Amino acid sequence: MSTMPNLGAYDPAAVEAKWQRVWEERRTNAVDLRGAQRPYYNLMMFPYPSAEGLHVGNVFAFVGSDIHGRFRRLLGYDVFEPLGFDAFGIHSENYALKVNQHPGRLIPQNIANFRRQLKRVGLMIDWEHEVQTIDPRYYRWTQWIFLKLYEAGLAERREAPVNWCPECKTVLANEQVEGGYCERHPDTRVVQKVLAQWFFKITRYAERLLENLKTLDWSESTRTMQANWIGRSEGAELVFETPVGIPIRVYTTRPDTVFGATYVVLAPEHPLVERLTAGDRRGEVQAYRQRVASMDLVSRRVGAKEKTGVFTGAYARNPATGEAVPIWIADYVLMEYGSGAIMGVPAHDERDFEFARQFGLEIRQVVEPASGGGELPFTDWDGVLVNSGRFDGLPPAEAGAAIVSWLAERGAARPQVQYRLHDWCISRQRYWGPPIPIIHCEVCGPVPVPEQDLPVLLPPIEDFRPDESGVSPLARHAEWYRVPCPRCRRPARRETDVSDTFLDSAWYFLRYPSTEFDDRAFDPELTRKWLPVDTYIGGNEHAVLHLMYSRFITMVLHDLGLLPFEEPYRRFRAHGTIVKDGAKMSKSRGNVVVPDTYIAKWGADTFRMYLMFLGPYQEGGDFRDEGIAGIRRFLDKVWSVVGAAAEPAGGARGEAAGASAPGREILTKLHQTIRKVTEDLEELRYNTAIAAMMEYVNALREATGLAAGVAEGRVAPELIAPVIVMLAPLAPHFAEECWERLGHAESVFTARWPRWEEALVREEQVEVVVQVNGRLRSRLLVPRGLTQEQLVDRALADPAVRRYLDGRPIRKVVYVPDRLVNLVV
RNA sequence: GCCCGGGUGGCGAAACCGGUAGACGCAAGGGACUUAAAAUCCCUUGGGGGGCAACCCCCAUGCAGGUUCGAAUCCUGCCCCGGGCACCA
């Protein structure tokens, strides 16, 4: 036993408790924000503190980000890795309603529980900069941002429809409507209700939000989703004159088909409907409009249903043909896209085709395939125009441009770009959010709350339940909302809606470095030093809304001169989703896996590594716990190698104590491993990085006789120390302990990341594959760097190869240096 | 319907630029150690076939074609799974 010191078994519980204590005492995770030489901002999406606590999906996400942060730190960066809680919002509020507790008491408990669990995972979080969106010290600045947008003319109050459940007597988010029915009352149809709400004019930034995407180092999938969400399309606005003197403007991506426009359709809410409707059509048009208005917003948009609509009795003039075409209204035309009106070209649009057939409208073909004929509707872009006057024979794209400039001469057309992106409605008729800092005065109109009066505190009312009034619970509290107008001092009324949770999370990354300040949202100097975020990791479920909104807010603050950059996240990577039995984890499915028991049984390090070993980080995977023992076995092996490398009690260490000089082969393997792990961690390929380290440790144990259980097996410390450093991001407590056992007094996180030497990475002998006619026939172990001639000579000397050549002459040789030679006969 | 991913052993996966398919791990089977078990260690493990043997051959990456000396990887068509959008004119 005297030759095997430090060979106590690996005890994760003891090791992890010890190092978490040490990190806390030494403030290992705290960063000197002002003094940092090489700042690196490593951000992970902050969680909403659910009552259930952390589940393995959260842990998977955080650990992947933490590994990246720790890796950067070992590369010599001053890594700032903060975390906080997205604690306002409907999720939290609904849960509070369900368990009938006040969110103001409940949510802080959840946060405390979350924080406790997070600490157990061993993340490198700098808790001195925690942010909670429900903290008045935070939401004061959320309200301030609202005021900034308001001042910039980017916040606007207007009427807009919302989903309303007559049973819950409350406004529902679109996600709470399922097929037209309330998610909580499956027998109750959700209806539309029109309320005055606040909007942020994000559509003004559509082009920039789209254009900048090209410059960002983001996951491809995320960029695609953003681009699709913005939904840019190019087309033209065409003008159809009407008898009432105000023309109908339609947006189309196919101006080439205007000769086939045999009718016009307005959205039922279109402002011209009233004026255009003929006397004898009034009743029917009114009835139709009412029917549409009573539908919920979601099922109105479900496509492929039967088309409905009514004729207004009026006609408009097709600007190309000069013909009078009937004006209809139909709910398949949406007021919020384009101009809320379309030209109906049934021959070349599937929806128009369906509509025309339903109501017996004329279908006139104006584009046909080059081969002639073609089945309708014909929507392809390749073809030629027919029945289109002097444009006949042109291909659609060319014809479209020509038609637009021809019509433009008469002021009947102009090219136009459209976006699908809608303005951001930030009003919530709810309790659990920051009150929107506006005071409504009968004389002055909406007046912003003066900055020095912020925050507008959310009052701790007990009756926070929404009710039939359709307005925020705050609207029941006159003692709160009755205030003098800040401008004229007359009695006025506070805005009683709160803002959307997405506004809370749209700027939280700006706050982390500046949590110490109460007189500014973010300190200019610290912000310049630490932002934009270097790497942001989060789920693709936020690929659209959260990432879009935070980009928008950042751009606005930049334009107001408050930020020196306009994109918040330099690099974004979406992690995959951890599912269980093929389905997303959710409480209702009952397949939520909680990390606590695994951490208790195996330790945080084993669990962390296991999650990362499950599959590619950016793909996620199905959680099963069968393989977790494999990770533990690996760590046990490393532990024993460290024991064999550590200083023997009372003796010298390393070579002097019996470890022979490292052989070239194992050194090569080590340097190959260093290269592989370094490159893999850089790209978040954690699963293969772990595999590479396993491979190396297996080889090392083999080479030193440890595998065979040779008790005297000794290991040169320089053969294992780099592995400990590389393991540190993945299994930080374990690595600290091993590092200490190797005789280091300082934390492993003060160590330098190992470097590989190109000369050592290259093997002296390589295995080269010999193919005959593309089929593998032999493998040769040869010195590296053989020329084609040398290699062919050796291949020809191989009886196995000759057998397949069968004496035939070689027609061609394919040669890949140090890899392969293919003899074609 | 449209837009992204993805489909490889019993299982999770690897193969980064078209160049040895299945690294690494799990599970399983056999063996060593042990009074026994656990732990640990060693061997085997895609399918089929041949050989006393070191070994050798054929088939195999969702399906069908194609390009290439050579395809999991590129191209065309199709099937299935996951995600996003969804009457966006």
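Values in this document were obtained by computation on a predicted structure and should not be read as measured data. Labels below follow one simple rule: chain letters A, B, ... track the order of the sequence lines, proteins then strands, and each chain is numbered from 1.
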### Residues which pass side-chain hydrogen bond (donor to acceptor under 3.5 Å, both in side chains) with A/W424, listed by chain and number, not counting sequence neighbours
A/D500

### Task
Return no unless some side-chain N or O of A/R777 is found under 4.0 Å from OP1 or OP2 of B/U20.
no

Scan nucleotides 12-14 of chain B against the protein and return all N/O pairs shorter than 3.5 Å with their distances rounded to 0.1 Å.
unit_1 : atom_1 : unit_2 : atom_2 : d
B/G12  : O4'    : A/R624 : NH2    : 3.2
B/G12  : O2'    : A/L614 : O      : 2.5
B/G12  : O2'    : A/R624 : NH1    : 3.4
B/G12  : O2'    : A/R624 : NH2    : 3.1
B/A14  : OP1    : A/N687 : ND2    : 2.9

### Query
Between A/F734 and A/W639, what is the ring plane arrangement, given parallel below 30°, perpendicular above 60°, and tilted in between?
tilted

### Message
Classify A/E683 by what it touches in the nucleic acid, base, sugar-phosphate, or nothing, heavy-atom distance under 4.0 Å.
### Response
nothing

### Message
Please determine whether a side-chain nitrogen or oxygen atom of A/Y804 lies at a distance below 4.0 Å from atom OP1 or OP2 of B/C57.
### Response
yes

### Summary
Syn within 90° of 0, anti beyond: B/G49 is anti

### Query
Does A/S233 place a side-chain N or O at less than 4.0 Å from the phosphate oxygens OP1/OP2 of B/A89?
yes

### Short N-O contact, A/R803 and A/D798, less than 4.0 angstrom
no

### Query
Does NZ or CZ of A/R551 fall inside the cone over A/W229's six-membered ring, less than 6.0 Å from its centre and within 45° of the axis?
no

### Task
For B/C26, take OP1 and OP2 only and decide whether either is under 4.0 Å from a side-chain N or O of A/R633.
yes

### Message
Base, sugar-phosphate or nothing for A/E695? Non-hydrogen atoms, less than 4.0 Å.
### Response
sugar-phosphate

### Task
Establish, yes or no, whether the cationic atom of A/K307 lies under 6.0 Å from the six-membered ring centre of A/F355 and within 45° of the ring axis.
no

### Task
Report yes if a side-chain nitrogen or oxygen of A/R775 is closer than 4.0 Å to either non-bridging phosphate oxygen (OP1 or OP2) of B/G70; otherwise report no.
no

### Query
Any idea how A/F607 and A/Y598 line up, ring-wise: parallel (<30°), tilted (30 to 60°), or perpendicular (>60°)?
parallel

